[in-house]
Enquirer: 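Supplied in C-alpha coordinates, the structure appears directly below.
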Amino acid sequence: MFKTVNPPATFTAEARITVPGATDPGVFQVEWRYQTKAGMQAWIKAREGVDHLVSLGEVMVGWSEVLDADDQPLPFSREALAGMLDTYPAAGRDLIGAYIGALFESRLGN
(Lines give C-alpha, C1' and ligand atoms only; values in the text may rest on other atoms or scores of the structure.)
Protein backbone atom coordinates (compact mmCIF):
# COMPACT_ATOMS: atom_id res chain seq x y z
CA MET A 1 0.00 0.00 0.00
CA PHE A 2 1.19 3.52 -0.79
CA LYS A 3 -0.17 6.49 1.07
CA THR A 4 0.47 9.92 -0.41
CA VAL A 5 1.54 12.36 2.26
CA ASN A 6 3.63 15.47 2.43
CA PRO A 7 7.25 14.29 2.31
CA PRO A 8 9.70 15.41 4.98
CA ALA A 9 11.80 18.51 4.29
CA THR A 10 14.97 16.40 4.21
CA PHE A 11 15.98 12.79 3.72
CA THR A 12 19.18 10.77 4.07
CA ALA A 13 20.76 8.68 1.33
CA GLU A 14 24.13 7.13 0.58
CA ALA A 15 26.67 8.97 -1.54
CA ARG A 16 29.74 7.49 -3.23
CA ILE A 17 32.62 9.60 -4.48
CA THR A 18 35.50 8.61 -6.69
CA VAL A 19 38.83 8.42 -4.86
CA PRO A 20 41.72 8.64 -7.34
CA GLY A 21 43.89 5.52 -7.22
CA ALA A 22 41.49 3.62 -4.97
CA THR A 23 39.56 0.55 -6.01
CA ASP A 24 36.53 1.43 -3.91
CA PRO A 25 34.68 4.74 -3.72
CA GLY A 26 34.40 6.82 -0.57
CA VAL A 27 30.96 6.04 0.89
CA PHE A 28 29.04 8.17 3.38
CA GLN A 29 25.53 9.33 4.23
CA VAL A 30 24.20 12.71 3.11
CA GLU A 31 21.17 14.57 4.37
CA TRP A 32 19.51 16.18 1.35
CA ARG A 33 16.72 18.70 0.92
CA TYR A 34 13.61 17.15 -0.60
CA GLN A 35 12.36 18.64 -3.87
CA THR A 36 9.38 17.95 -6.05
CA LYS A 37 9.91 16.89 -9.66
CA ALA A 38 9.36 20.47 -10.85
CA GLY A 39 11.72 21.81 -8.18
CA MET A 40 14.40 19.31 -9.15
CA GLN A 41 14.09 20.13 -12.83
CA ALA A 42 14.41 23.85 -12.07
CA TRP A 43 17.46 23.18 -9.87
CA ILE A 44 19.12 21.12 -12.61
CA LYS A 45 18.44 23.79 -15.22
CA ALA A 46 19.60 26.64 -12.97
CA ARG A 47 22.89 24.96 -12.09
CA GLU A 48 24.24 25.00 -15.64
CA GLY A 49 27.51 26.92 -15.43
CA VAL A 50 27.25 27.20 -11.63
CA ASP A 51 30.07 25.98 -9.39
CA HIS A 52 29.47 22.62 -7.69
CA LEU A 53 29.93 24.22 -4.25
CA VAL A 54 27.06 26.62 -4.90
CA SER A 55 24.82 23.94 -6.44
CA LEU A 56 25.42 21.42 -3.67
CA GLY A 57 25.13 24.08 -0.98
CA GLU A 58 21.52 24.53 -2.06
CA VAL A 59 20.59 20.89 -1.48
CA MET A 60 23.01 19.38 1.07
CA VAL A 61 22.01 19.77 4.72
CA GLY A 62 24.56 17.52 6.40
CA TRP A 63 26.56 14.33 6.26
CA SER A 64 27.74 11.49 8.47
CA GLU A 65 30.49 8.88 8.22
CA VAL A 66 33.00 11.49 6.94
CA LEU A 67 36.29 11.55 8.85
CA ASP A 68 39.09 14.11 8.99
CA ALA A 69 42.84 13.38 8.70
CA ASP A 70 42.88 12.29 12.38
CA ASP A 71 40.00 9.83 11.87
CA GLN A 72 37.63 12.10 13.78
CA PRO A 73 34.10 12.85 12.53
CA LEU A 74 34.18 15.86 10.22
CA PRO A 75 31.12 18.07 10.78
CA PHE A 76 29.37 19.24 7.64
CA SER A 77 30.02 22.86 6.70
CA ARG A 78 30.45 24.86 3.53
CA GLU A 79 34.20 24.89 4.19
CA ALA A 80 34.35 21.11 4.68
CA LEU A 81 32.36 20.58 1.47
CA ALA A 82 34.69 22.98 -0.39
CA GLY A 83 37.67 20.98 0.87
CA MET A 84 36.14 17.71 -0.30
CA LEU A 85 35.37 19.16 -3.73
CA ASP A 86 38.92 20.46 -4.05
CA THR A 87 40.61 17.28 -2.82
CA TYR A 88 38.51 14.87 -4.88
CA PRO A 89 38.01 16.29 -8.41
CA ALA A 90 35.08 14.00 -9.27
CA ALA A 91 33.22 14.61 -6.00
CA GLY A 92 31.00 17.39 -7.37
CA ARG A 93 29.75 15.29 -10.24
CA ASP A 94 29.42 12.24 -7.98
CA LEU A 95 27.42 14.11 -5.32
CA ILE A 96 25.07 15.71 -7.82
CA GLY A 97 24.49 12.26 -9.34
CA ALA A 98 23.86 10.81 -5.88
CA TYR A 99 21.25 13.50 -5.15
CA ILE A 100 19.41 13.04 -8.43
CA GLY A 101 19.53 9.26 -8.01
CA ALA A 102 18.23 9.46 -4.44
CA LEU A 103 15.26 11.55 -5.53
CA PHE A 104 14.34 9.47 -8.56
CA GLU A 105 15.27 5.90 -7.65
CA SER A 106 13.70 3.69 -5.03
CA ARG A 107 15.96 1.95 -2.56
CA LEU A 108 16.37 -1.73 -3.29
CA GLY A 109 16.17 -4.10 -0.35
CA ASN A 110 18.22 -7.26 0.16
Side-chain angles (χ1 to χ4, degrees):
M1 178 173 21
F2 174 72
K3 180 178 179 181
T4 61
V5 296
N6 291 331
T10 65
F11 66 96
T12 302
E14 182 178 271
R16 296 172 175 265
I17 62 168
T18 302
V19 178
T23 304
D24 297 322
V27 180
F28 56 101
Q29 297 295 312
V30 177
E31 183 179 0
W32 302 104
R33 292 188 200 289
Y34 179 83
Q35 292 195 65
T36 63
K37 181 179 177 183
M40 172 56 96
Q41 289 172 335
W43 178 79
I44 290 170
K45 189 172 187 173
R47 71 170 209 84
E48 292 177 19
V50 175
D51 182 76
H52 284 142
L53 180 60
V54 173
S55 294
L56 290 165
E58 294 174 2
V59 295
M60 288 181 77
V61 176
W63 63 31
S64 61
E65 303 173 22
V66 176
L67 304 176
D68 66 14
D70 298 320
D71 288 335
Q72 297 301 309
L74 180 64
F76 177 78
S77 67
R78 183 176 176 86
E79 294 77 26
L81 177 58
M84 178 183 285
L85 295 174
D86 186 51
T87 303
Y88 301 98
R93 177 203 66 211
D94 293 343
L95 287 167
I96 287 170
Y99 180 53
I100 293 169
L103 276 172
F104 286 105
E105 297 173 9
S106 295
R107 292 185 185 197
L108 299 177
N110 302 18

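Only heavy atoms go into these numbers, but all of them, side chains included; no hydrogens, no water, no symmetry mates.
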Enquirer: Can you see which heavy atom on Tyr34 is nearest to which on Pro8, and at what distance?
Expert: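 Of all heavy-atom pairs spanning Tyr34 and Pro8, the closest is CB-O, 3.3 Å.
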Enquirer: Can you measure from CG (Leu56) to CZ (Arg47) and round to the nearest 0.5 angstrom?
Expert: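 The CZ atom of Arg47 is 8.0 Å from CG of Leu56, to the nearest 0.5 Å.
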Enquirer: Under 3.5 Å, is there a donor-acceptor pair between the side chain of Trp63 and the main chain of Leu81?
Expert: no
Enquirer: Do you know which of Leu74, Val66, Leu67 makes side chain to side chain contact (heavy atoms under 4.5 Å, CB included) with Phe28?
Expert: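 It is Val66, the one option of Leu74, Val66, Leu67 that forms the side chain to side chain contact (heavy atoms under 4.5 Å, CB included) with Phe28.
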Enquirer: Could you state whether Met60 and Ile44 fall into the same hydrophobic cluster, counting links through intermediate Ile, Leu, Val, Met, Phe, Trp or Tyr residues with side-chain heavy atoms under 4.5 angstrom apart?
Expert: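 Cluster IDs for Met60 and Ile44 match.
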Enquirer: Quick check: do Pro25 and Thr18 have side-chain heavy atoms less than 4.5 Å from each other?
Expert: no
Enquirer: With a 4.5 Å cut-off on side-chain heavy-atom distances among I, L, V, M, F, W and Y, is there a chain of contacts connecting Phe11 to Val59?
Expert: yes
Enquirer: Write down the atom of Ala102, the atom of Ala13, and the distance for their closest heavy-atom approach.
Expert: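 Result for this residue pair: CB-CB, 3.6 Å.
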Enquirer: Hey, quick one: are Val61 and Val54 part of the same hydrophobic cluster, counting side-chain heavy atoms closer than 4.5 Å, chains of contacts allowed?
Expert: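 Different clusters.
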Enquirer: Can you tell me if Gln29 and Ser64 form a side-chain donor-acceptor pair at under 3.5 Å?
Expert: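 The answer is no; no qualifying pair exists.
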Enquirer: State the CE-CD1 distance between Met40 and Ile100, to the nearest 0.5 angstrom.
Expert: 5.0 Å
Enquirer: Just wondering, do Arg16 and Asp94 contact through their side chains at under 4.5 Å, heavy atoms?
Expert: no
Enquirer: Between CE of Met84 and CG of Leu53, what distance do you get to the nearest 0.5 Å?
Expert: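 Answer for the CE-CG pair, Met84 versus Leu53, is 12.0 Å.
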Enquirer: Kindly give the heavy-atom pair with the smallest separation between Leu95 and Ala15, and that separation in Å.
Expert: CD2-CB, 3.8 Å
Enquirer: So, Arg78 side chain and Gly57 main chain: donor-acceptor pair closer than 3.5 Å or not?
Expert: no
Enquirer: For residues 83-103, which residue pairs qualify under ring pair (Phe, Tyr, Trp, His ring centres under 6.0 Å), counting only residues two or more places apart or in two chains?
Expert: Trp32-Tyr99, Trp43-Tyr99
Enquirer: The test is side-chain contact (heavy atoms from CB on, under 4.5 Å); show your working for Phe76 and Val30 and say whether it passes.
Expert: CA-CA 9 Å; Phe76 177 78; Val30 177; over 6 Å; no
Enquirer: Does Asp68 reach the main-chain N or O of Asp70 with its side chain, forming a donor-acceptor pair under 3.5 Å?
Expert: yes
